[in-house]
Amino acid sequence: MRYAIVGSDEFITIATTRPETILGDTAVCVNPKDERYKHLHGKKAIVPMVNREVPIIADDYVEMEFGTGCLKVTPAHDMNDFMLGEKHGLEVINMMNDNGTISEAGQLYIGMDRFEVRTKIAEDLTASGNLVKAEDLINKVGFSERSDAVVEPRLSLQWFVDMKELSKPALDHVMNEDIKFFPSKFKNSYRNWMENIKDWCISRQLWWGHRIPAWYSADGSFVVAKTQEEAIREFQSKGIAADATSIRQDEDVLDTWFSSWLWPISVFDGFYKKEEIDYYYPTNDLVTAPEIMFFWVARMIIAGYEYKGDLPFRNVYYTGIVRDKQGRKMSKSLGNSPDPIDLMKIYGADGVRVGMLLSSPAGNDLLFDESLCEQGRNFANKIWNAFRLVNSWESKVQPDAAQSPAAAVAVRWMQSRFNTVLTQLNDDYEKFRINEALMNTYKLVWDDFCAWYLEMVKPPFGSAMDKTTYEASVEILENLLKVLHPFMPFLTEEIWQFLRPREEGKGSICLATWPTPGAIDEQLTKQFDTFSEVVIGVRNIRKDKNIPNKEKVKLLVKTSASADTTFDAVVMHLCNIESIEYVDDKPGSCYSFVMTGTEYFVPFTANVDVEAERAKIQQELTYLQGFLKSVESKLNNERFVSKAPADVLEVERKKQSDTLAKIHMLEEQLASL
RNA sequence: GGGAGCAUAGCUCAGCUGGUUCAGAGCAUCUGCCUUACAAGCAGAGGGUCACAGGUUCGAACCCUGUUGCUCCCA
């Protein structure tokens with residue numbers, strides 16, 4: 001469109017996608033550096049159709065390369081134009097009604113819809129010779145999420161809360177960690193928001209909500225009051241005439257967060273009653289989504305300090321957002337959320353719960369995948385089967401049966417192991433590493449309890465179970481149920497009830513106390529590590545050499561240290577070994593494996609492939625020699641030796657000596673084959 | 001436009017103060033097993049240029065700079 005310049009026959013051309021808004025134009029703006037328009041600074045232009053004279057102003061805001069480099073300014077109908085208007089003291093003409101039709105202030109097309117006017121005004125501009133060119137282009141237009149109407153910026157009167165002073169304590173107390181965020185990375189965006197906080201617009205043009213308690217009198221002044229009667233008294237005390245017919249309440253309602261920010265207080269009815277809020281406030285943990293950190297969390301903290309003079313909660317745990325496999329947020333409107341009830345029918349409530357939690361690291365999104373629920377169900381099934389096994393022993397218990405050495409060490413180890421993991425779990429929870437707590441619980445139950453402990457104490461087919469081991473097993477399982485309970489409330493309750501008779505009405509696992517870690521036997525832990533490697537070593541030999549599990553084998557041990565027989569009974573039990581013998585000399589004709597300072601031998605059975613044995617040992621040798629080389633190159637590096645701390649050096653030297661010893665043993669073996 | 005964050009195995013993620021074999025887990029994959037709690041299971045195995053390019057350091061997935069790609073929040 002072209003705008004005539006006052007006092008000359010020159011025109012200035014401006015591009016717009018909303019030509020109807022020229023009815024509200026109050027300036028034309030160019031970039032001060034733009035040579036094309038320098039001579040126009042301070043002059044006036046005539047807005048077409050309404051023939052209003054408006055100033056031509058200069059501002060850096062205008063991009064010279066965009067469009068014609070010349071901007072029409074409509075402060076009432078564009079946010080950036082509004083800012084220009086404030087800066088340059090421009091007139092504001094609100095040319096649109098709130099139903100999207102042209103208002104009286106627009107002068108022309110009054111009462112017509114804005115889209116009709118857009119077409120009509122193009123015709124009229126053409127007729128008057130002011131339309132230079134029309135072209136199709138694609139631009140970004142906002143649509144209402146609910147009604148799908150095109151959003152039209154329009155100047156309106158709103159209520160704001162001055163946040164500057166109000167928000168200061170909320171920033172400080174999060175920065176100094178009086179209130180902790182998990183994960184802490186959210187402190188950064190919180191600080192950025194709080195340091196640049198804007199006043200809070202609290203009025204909304206909606207039908208439903210808390211209505212703004214502001215009242216206007218006939219002369220346009222206002223008061224804030226709880227009721228109409230109070231408002232009238234308030235007006236009268238100011239000497240303003242007011243009665244029920246002459247005053248009216250603001251029709252706007254409050255932003256939904258304006259009640260939510262009081263939630264930590266109002267949930268205890270804390271503005272009116274003392275008893276509950278005095279007991280509970282401040283609470284411990286708030287669990288919520290990071291996307292409402294500003295809307296809700298920040299404002300609850302602000303309100304807490306403002307109205308209670310204290311923090312509302314100590315920790316804020318931000319969960320991830322559940323997304324579908326395409327990465328889209330799961331939402332009701334998209335309909336991409338699976339029905340949890342259907343999932344529960346397939347995987348069980350606990351299975352679905354575990355599946356979700358397994359992959360929900362704090363602050364990261366979770367891409368929902370049904371296979372996670374399947375994993376949860378499998379875990380539940382595993383626990384149930386473990387219970388079935390322990391439970392089956394009840395009838396096999398013989399009071400006078402002696403506890404086997406294997407079971408005795410297994411119980412001691414499992415108790416110690418439980419305490420180790422429990423300590424870890426407590427730390428995980430302390431740091432809100434919920435999914436790690438779950439994974440550690442999962443491994444404690446599946447690997448330590450089911451795969452190792454139960455196998456170690458399981459009596460051979462047809463044998464009796466002794467009372468000591470049975471009772472220890474029940475107690476261990478009870479403790480496991482307690483740590484599982486937060487993740488699998490239903491299953492653990494069910495088993496809890498079956499495991500022992502419980503007192504009517506008082507026997508729920510919900511009422512059980514979280515276990516406290518007992519002693520950890522470090523020595524036993526180390527012995528177990530060796531033991532488990534021996535078991536794996538024997539299993540590998542059986543597998544590689546096709547020695548059936550049913551066939552008993554012998555195990556020979558040659559060790560430079562004194563023999564440690566703590567776990568021997570368990571090795572025999574788990575690997576079907578008829579005897580373990582400690583020998584001084586390397587036996588011939590054996591399969592073997594090596595661990596630090598100790599060699600293990602299983603005598604050849606039928607069908608030995610000596611060549612294959614040799615190749616295997618050679619392969620391991622090659623690897624160890626390469627490793628030794630890398631360690632030694634480090635140790636031969638003078639700069640490493642002189643600068644690295646003593647303990648790091650010590651570790652490297654130990655690696656060197658261990659490796660040398662291993663290589664020596666393997667070479668001997670190779671020679672003896 | 002302003003701000004924050006992320007990039008490690010096929011997938012989802014750990015890796016906390018730079019230092020225990022050029023990296024761990026779960027799932028998935030592959031190979032063997034219906035071994036008396038569990039095949040929804042058991043025993044094993046393979047799989048990685050830690051986005052890319054520089055730099056600092058005796059030593060970098062980790063610290064610094066740049067590049068690329070992605071995500072979120074605000075206006």
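Heavy atoms only: backbone and side chains are in, while hydrogens, waters and symmetry mates are out. We name chains A, B, ... by the order of the sequence lines, and we start the count at 1 in each one.
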Using atom C1' in both nucleotides, what's the gap between B:rC34 and B:rG48 to the nearest angstrom? 36 Å
Under a 3.5 Å distance rule, please check whether A:Ser184 uses its side chain to pair with a backbone N or O of A:Phe181 as donor and acceptor. no
A:Leu499 CG to A:Thr492 OG1 distance, which is reported to the nearest 0.5 Å: 11.5 Å
Tabulated below should be each protein N or O lying under 3.5 Å from an N or O of nucleotides 37-39 of chain B; please produce it.
unit_1: B:rA37; atom_1: OP1; unit_2: A:Lys458; atom_2: NZ; d: 3.2
unit_1: B:rA37; atom_1: O2'; unit_2: A:Asn385; atom_2: OD1; d: 3.2
unit_1: B:rA37; atom_1: O2'; unit_2: A:Arg388; atom_2: NH1; d: 3.1
unit_1: B:rA37; atom_1: N6; unit_2: A:Cys450; atom_2: O; d: 3.3
unit_1: B:rA37; atom_1: N6; unit_2: A:Glu455; atom_2: OE2; d: 3.2
unit_1: B:rA37; atom_1: N3; unit_2: A:Asn385; atom_2: O; d: 3.1
unit_1: B:rA37; atom_1: N3; unit_2: A:Ala386; atom_2: N; d: 3.4
unit_1: B:rC38; atom_1: O4'; unit_2: A:Asn385; atom_2: OD1; d: 3.4
unit_1: B:rC38; atom_1: O4'; unit_2: A:Asn385; atom_2: ND2; d: 3.3
unit_1: B:rC38; atom_1: O2'; unit_2: A:Asn385; atom_2: ND2; d: 3.1
unit_1: B:rC38; atom_1: O2; unit_2: A:Lys382; atom_2: NZ; d: 2.7
unit_1: B:rC38; atom_1: N3; unit_2: A:Lys382; atom_2: NZ; d: 2.8

Hey, is the side chain of A:Asn188 poking within less than 4.0 Å of OP1 or OP2 on B:rG3, counting only N and O atoms? no
With a non-hydrogen cut-off below 4.0 angstrom, is A:Arg433 in contact with a base, only sugar-phosphate, or nothing? base
When rounded to the nearest Å, what value does the distance between C1' atoms of B:rA4 and B:rU49 take? 30 Å
Do you see a donor-acceptor pair shorter than 3.5 Å between the side chains of A:Gln158 and A:Ser156? yes
Among B:rG44, B:rA25, B:rA40, the nucleotide that comes nearest once only the side chain of A:Arg377 is considered: B:rA40
Please classify the nucleic acid contact of A:Glu374 as base, sugar-phosphate, or nothing, using heavy-atom distances under 4.0 Å. nothing
Using atom P of each nucleotide, how far apart are B:rG10 and B:rU29 to the nearest Å? 15 Å
With C1' as the reference atom in both, quote the distance from B:rC11 to B:rC73 in angstrom, rounded to an integer. 27 Å
Give a yes or no answer on whether the side chain of A:Asp342 reaches the backbone of A:Met344 with a donor-acceptor pair at less than 3.5 Å. no
Candidate nucleotides B:rG44, B:rA4, B:rG26, ranked by approach to the side chain of A:Tyr442 - the nearest: B:rG26
Base-pairing assignment for B:rG18 (Watson-Crick or G-U wobble, both under 3.5 Å): none
Taking for A:Phe294 and for A:Ile536 the nucleotide of RNA chain B with the nearest heavy atom, the one nearer the 5' end belongs to A:Ile536
In whole Å, measure the gap between the C1' atoms of B:rC13 and B:rC58 for me. 32 Å
Applying the 3.5 Å cut-off to both distances, the Watson-Crick or G-U partner of B:rG69 turns out to be B:rC6
What is the distance from CZ of A:Arg191 to P of B:rG2, rounded to the nearest Å? 18 Å
Counting only side-chain heavy atoms from C-beta out, which of B:rA43, B:rG3, B:rA25 sits nearest to A:Lys443? B:rA25
Worked verdict on A:Met456 versus A:Trp452 for side chain to side chain contact (heavy atoms under 4.5 Å, CB included): CA-CA 6 Å; A:Met456 290 193 279; A:Trp452 286 111; 4.1 Å; yes
In whole Å, what is the span from the CG atom of A:Asn435 to the P atom of B:rG15? 10 Å
In Watson-Crick or G-U wobble terms, both distances under 3.5 Å, what is the partner of B:rU57? none
